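Read the structure below first, then the notes.
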Amino acid sequence: MQHCGPRLPRSFFDREVDVVARDLLGRVISNACDGGPVAVRLTEVEAYAGQDDPASHAFRGPTPRTTVMFGPPGHLYTYFVYGMHWCANIVAGPDGSASAVLLRAGEVVGGLEQARLRRPRITGDHQLARGPAGLASVLGFDRSTNGADLCVPAGDLAALDGAPPLPGAVRIGPRVGVAVGAEMLQRFWIDGDPTVSAFRAWTQRRRTRP
DNA sequence: ATTAGGATCTTCT
DNA sequence: GAAGATCCTAATG
């Protein structure tokens, strides 16, 4: 499999975050680290608009965790959630805007065997990268890939051109699982694609301990 | 088909 | 100390 083909230029990511998010649909992202290569065609993404967005990790200013978000676009921002999952974003917008696109779902189009090994409980290949944690898992995105530069032709990580979705095939709606800023229509997905995750509105989580 | 709950731990308040 | 950009299984209608 060709996993280090043409990369998107920095200018691709240096636009309004929702424009970048929309334009990432149908593109292929790949990673060859640690046993790869695995490639995923993106079918669902969400935009987070930096310090203007109450749902963004960057809303309250820079912290150790969000350092990468405040840097130049085109880098990977990974974070750990709920004590067990990693999720991956691509930093977008001008340098310092702290915006990012959460990669929510996609179709595995390369390295299927490796992807299956990384998600042994999944039955049905279109579920392998359905949901942000599953997508990150399949691609091997974790702490070790935080800050990786998608625009530099070194290493094993690449954002490749893919077939763009047909006109009218992109749908827009509220983001999944966000408590604040829920009214913002910043989720983009390819209509009818079986790999798109199920929408779940935010609900109060029960306390795990008395 | 839909919902409820548990697992598990980092991050910032 | 509390909440969180989730996933999976089990129970229920």
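We use all heavy atoms of the structure for the numbers below, so side chains are in, but hydrogens, waters and symmetry mates are not. Quick caveat: nothing in here was measured; it's all calculated off a predicted structure. Residue numbers start from 1 in every chain, and the chains themselves are labelled A, B, ... in the order their sequence lines are given, proteins ahead of strands.
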Item to complete: Return the orientation label for the A/His57 and A/Tyr77 ring planes: parallel under 30°, perpendicular over 60°, tilted otherwise.
Response: perpendicular
Could you tell me whether [X] contacts a base, only the sugar-phosphate backbone, or nothing, with contacts defined as non-hydrogen atoms closer than 4.0 Å?
X: A/Leu135; result: nothing
X: A/Arg187; result: nothing
X: A/Arg175; result: nothing
X: A/Arg200; result: nothing

Value in whole Å for how far the [atom2] atom of [N] lies from [atom1] of [X]:
X: A/Gln127; N: C/dT6; atom1: CD; atom2: P; value: 17 Å
X: A/Met69; N: B/dT11; atom1: CE; atom2: C1'; value: 14 Å
X: A/Phe199; N: B/dT3; atom1: CZ; atom2: P; value: 13 Å
X: A/Ile122; N: C/dT6; atom1: CD1; atom2: P; value: 16 Å
X: A/Arg121; N: C/dT6; atom1: CZ; atom2: C1'; value: 14 Å
X: A/Arg143; N: B/dC9; atom1: CZ; atom2: P; value: 13 Å
X: A/Trp202; N: C/dA3; atom1: CH2; atom2: C1'; value: 9 Å
X: A/Asp142; N: B/dC9; atom1: CG; atom2: C1'; value: 16 Å

Taking the side chain of [X] as heavy atoms from C-beta outward, which of [options] is closest to it?
X: A/Arg60; options: C/dC8, C/dA5, B/dT13; value: B/dT13
X: A/Arg65; options: B/dT11, C/dT6, C/dC8; value: B/dT11
X: A/Tyr48; options: C/dA5, C/dC7, B/dT11; value: C/dA5

Worksheet item: So is A/Arg15 actually on top of A/Phe12's ring, under 6.0 Å and inside 45° of the axis?
Response: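 Cation-pi check for A/Arg15 and A/Phe12: passes.
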Worksheet item: When you look at A/Ser56 and A/Gln51, which way does the side chain to side chain donor-acceptor pair (under 3.5 Å) test go after all the steps?
Response: CA-CA 7 Å; A/Ser56 169; A/Gln51 300 195 74; over 6 Å; no
Item to complete: Report yes or no: do A/Arg118 and A/Ser137 form a side-chain donor-acceptor pair below 3.5 Å?
Response: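 No, no side-chain donor-acceptor contact under 3.5 Å.
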Item to complete: Please determine, by modelled atom types, if A/Thr78 and A/Thr145 share a side-chain donor-acceptor pair under 3.5 angstrom.
Response: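 Looking only at side-chain atoms, A/Thr145 and A/Thr78 do not form any donor-acceptor pair under 3.5 Å.
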When you check the gap from the basic side-chain N to the acidic O, do [X] and [Y] get nearer than 4.0 Å?
X: A/Arg187; Y: A/Asp18; answer: no
X: A/Arg7; Y: A/Asp149; answer: no
X: A/Arg119; Y: A/Asp125; answer: no

Discussion item. What's the separation between atom CG in A/Leu160 and atom CG in A/Leu8, rounded to the nearest 0.5 Å?
Written reply: 7.5 Å
Practice prompt. Give none if C/dA5 has no partner; otherwise give the nucleotide forming a Watson-Crick or G-U wobble pair with it, both distances under 3.5 Å.
Written response: none
Worksheet item: Given that both distances must come in under 3.5 Å, which nucleotide forms a Watson-Crick or G-U wobble pair with B/dT8?
Response: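 Base partner found: none.
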Worksheet entry | Sub-4.0 Å heavy-atom contacts from residues 51-59 of chain A onto DNA chain C, ordered by number |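 Contacting residues: A/Ala55, A/His57.
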Worksheet item: Where along residues 79-102 of chain A does a heavy atom come under 4.0 Å from DNA chain B, residue by residue in number order?
Response: A/Phe80, A/Tyr82, A/Gly83, A/Met84
Discussion item. Is A/Arg130 close enough to C/dT6 that one of its side-chain N or O atoms is under 4.0 Å from OP1 or OP2 there?
Written reply: no
Discussion item. For a 4.5 angstrom cut-off between non-hydrogen side-chain atoms, does A/Leu103 reach A/Pro132?
Written reply: no
